[in-house]
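Okay, so here's the structure we're looking at.
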There are 2 protein chains.
Amino acid sequence: MKLNLNNADNLPIFRQVALALQQKILVGELQPGERLPVETVLASDNSIHRSTVREAIRSLEQLGLVRREPGKRKLFVSAPDTQELSRRLITPMVMNGVTFEEIWEAISALDPAAAEAAARRRTLDDLKALEDNIAQTRAALGDPDKLVRLDIEFHELIAIAAGNRVIQALRLPISDLFYPSFQAVMSGLNASERLLTAHEKILQAIKWGDADEAREWMAKHLNDFRKGYELASLDMSDPAALPPAKVKD
Amino acid sequence: MKLNLNNADNLPIFRQVALALQQKILVGELQPGERLPVETVLASDNSIHRSTVREAIRSLEQLGLVRREPGKRKLFVSAPDTQELSRRLITPMVMNGVTFEEIWEAISALDPAAAEAAARRRTLDDLKALEDNIAQTRAALGDPDKLVRLDIEFHELIAIAAGNRVIQALRLPISDLFYPSFQAVMSGLNASERLLTAHEKILQAIKWGDADEAREWMAKHLNDFRKGYELASLDMSDPAALPPAKVKD
DNA sequence: TGGCGGTTAATGTCCGACATTAACGTTGTC
DNA sequence: GACAACGTTAATGTCGGACATTAACCGCCA
């Protein structure tokens, strides 16, 4: 595979190779699933050293444009995983000291929209999953840790039911960043019952296809969470912390 | 710099190196701005070959955790740029055939929230920038291309005025994906005047600090856009196209 | 058809080398 | 003393080549 190496900006060769391949992929000349030539071929076809090719591949791997099953050797073109890339936003957000308020505002924009869309598009499977989640929640009222996990799952299920992959992807990093503060809030007075009620109302609205109601209950639910946050004497303007176990990638 | 290479999952060494460094950065042991040892040192300190180190560096570069000014040699730790990473979502979204409707729903969730927040937090500079933008818009009513550019800028300025970096980052990829369709819609009847009016109303609300009004006009504005889209006989369920000049990275 | 063993060849890693040119220390100037 | 010009050092980008490990593949046999 001969590449069109463009040294205009006299970039290092490995970068030119990465760009050339990226280009071919974005333009559709190389399609996801397609197999890429072996390193030695890529190298000799372009009269460059294999190490140089390898460095290019490393870059493309991180972009998700090229993939190798772990332990395998065959190299494939791939469409980057939106969710995976979206989650990478967590790191810079935390490192840049994004505040809890910013996060809350963002989720407060996305989740009510998701609830609304879910009320319009939910399938039976979606409803089933949501009901399942609520049943588990009901059974876990005494267990804050479990509640946190279930609440996060509930919101994710709604995003799925919304049938909107963009919203689903965008809310991922924020949802993850919520994790730590959930813990703190969930111990607050009546928090669990209020949470359960809200979830039930939301599900009901979604089931009935009442988009406005779904949106409103979701908004209420998030407002409630915010109040709990403040009641717990936490400061909305504190920077968000890295969610546990998200330290690794 | 000795790294704690962990071969538990017997990953290739270059990946272990990347992970070890990433860990050090995420944990704060290595801080953004700090200088990293040169390749040869990293190599000898860990008894591995320089090529192996280089492959690790390539990966971290793409993650944005490590940076080298183009043409320079000094390697620094860095906090990944949220906006840059966010924009990477464009590629997978397009490759996965995200529909225009999904995009519209997402921006319709974020931008009204941004307008609302902007009404509360806008600074004089923000207002100045917005007024500037509107003045230019007024002067460009006959020029669809310019209008598109200005409209996108307007929305971005609002996100900036909102003082919410999360929303600002998340809306980037969607905003970019809007670009192509804007072109089509902007030629519609009265589109430019309606756009200008909406922008004016939004700015006014923001100026007065009327959050509800700001949100509502933004929502109207977006709805209007959607109508224009349908009037132009375009299909909301068509997959979004790659914005021009975003083909390269 | 499907499992098995043998062969081939691709990856991960290393050694070593060299041209280019940042990076840096020194010296000299104003 | 700040700063510019100069010379030296050394780090990067790239290359040639090598080798162990083991996926990947092929053909045989049940």
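Here is the naming used below: chain letters follow the sequence lines, and residue numbers restart at 1 for every chain. Atoms considered below: every heavy atom in the structure, side chains included; atoms not considered: hydrogens, waters and symmetry mates.
Between the C1' atom of C:dG12 and the CG atom of B:Leu5 lies a distance of 15 Å, rounded to the nearest Å. D:dA11 atom P lies 19 Å from atom CD of B:Glu69, rounded to whole Å. Rounded to an integer number of Å, the gap from CG of B:Asn46 to C1' of C:dT13 is 15 Å. The CD atom of A:Glu39 sits 15 Å away from the P atom of D:dG16 (whole-angstrom rounding). For A:Arg58 and D:dT14, the CZ to P distance is 16 Å, given to the nearest whole Å. Between B:Arg68 atom CZ and D:dT12 atom C1' there is a gap of 7 Å when expressed in whole angstrom units. In this structure, B:Ile48 atom CD1 and C:dC15 atom C1' are separated by 14 Å, rounded to whole Å. Atom CZ of B:Phe14 is separated from atom C1' of C:dT13 by 11 Å (rounded to the nearest Å).
For C:dT11, neither phosphate oxygen OP1 nor OP2 lies less than 4.0 angstrom from any side-chain nitrogen or oxygen of A:Arg54. The phosphate of D:dC15 has OP1 or OP2 within less than 4.0 Å of a side-chain N or O from A:Thr52.
Consecutive Watson-Crick or G-U pairing (both distances under 3.5 Å) extending over three or more pairs maps onto DNA chain D as C:1-30 with D:1-30.
Distance from the side chain of A:His49 is smallest for D:dC15 among the nucleotides C:dT11, D:dA11, D:dC15.
Of the residues A:Arg171, A:His155, A:Gln168, the one that meets the side chain to side chain contact (heavy atoms under 4.5 Å, CB included) test with A:Leu110 is A:Arg171.
For the atom pair A:Leu5 CG and A:Arg15 CZ, the distance stands at 14.0 Å (nearest 0.5 Å). Residue B:Asn133 holds its CG atom at 9.0 Å from CZ of B:Arg149, rounded to the nearest 0.5 Å.
Pairs engaging residues 24-42 of chain B under the side-chain hydrogen bond (donor to acceptor under 3.5 Å, both in side chains) rule: B:Lys24-B:Glu29, B:Glu39-B:Arg50, B:Glu39-B:Arg54, B:Glu39-B:Arg68 [sequence neighbours left out].
No engagement by A:Arg15 is indicated, since no non-hydrogen atom pair under 4.0 Å with the nucleic acid exists.
The shortest side-chain heavy-atom distance between A:Pro92 and B:Asp81 does not fall under the 4.5 Å cut-off. Annotation: side chain of B:Val98 is in contact with side chain of B:Ile103 (closest heavy-atom distance under 4.5 Å).
For the pair B:Val41 and A:Ser47, nearest-nucleotide mapping onto DNA chain D gives the more 5' position to B:Val41.
Under 3.5 Å, the side chains of A:Glu102 and A:Thr99 contain a donor-acceptor pair of N or O atoms. At a cut-off of 3.5 Å, with distance as the only test, no side-chain donor of A:Asp125 or A:Thr123 sits close to an acceptor on the other residue.
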- Message: Between A:Leu3 and A:Gln16, is the side chain to side chain contact (heavy atoms under 4.5 Å, CB included) condition met? List the steps.
- Response: CA-CA 9 Å; A:Leu3 297 172; A:Gln16 294 174 41; over 6 Å; no

- With B for base contact, S for sugar-phosphate-only contact and - for none (protein heavy atoms under 4.0 Å), nucleotides 18-25 of chain D reads B--BBBSS

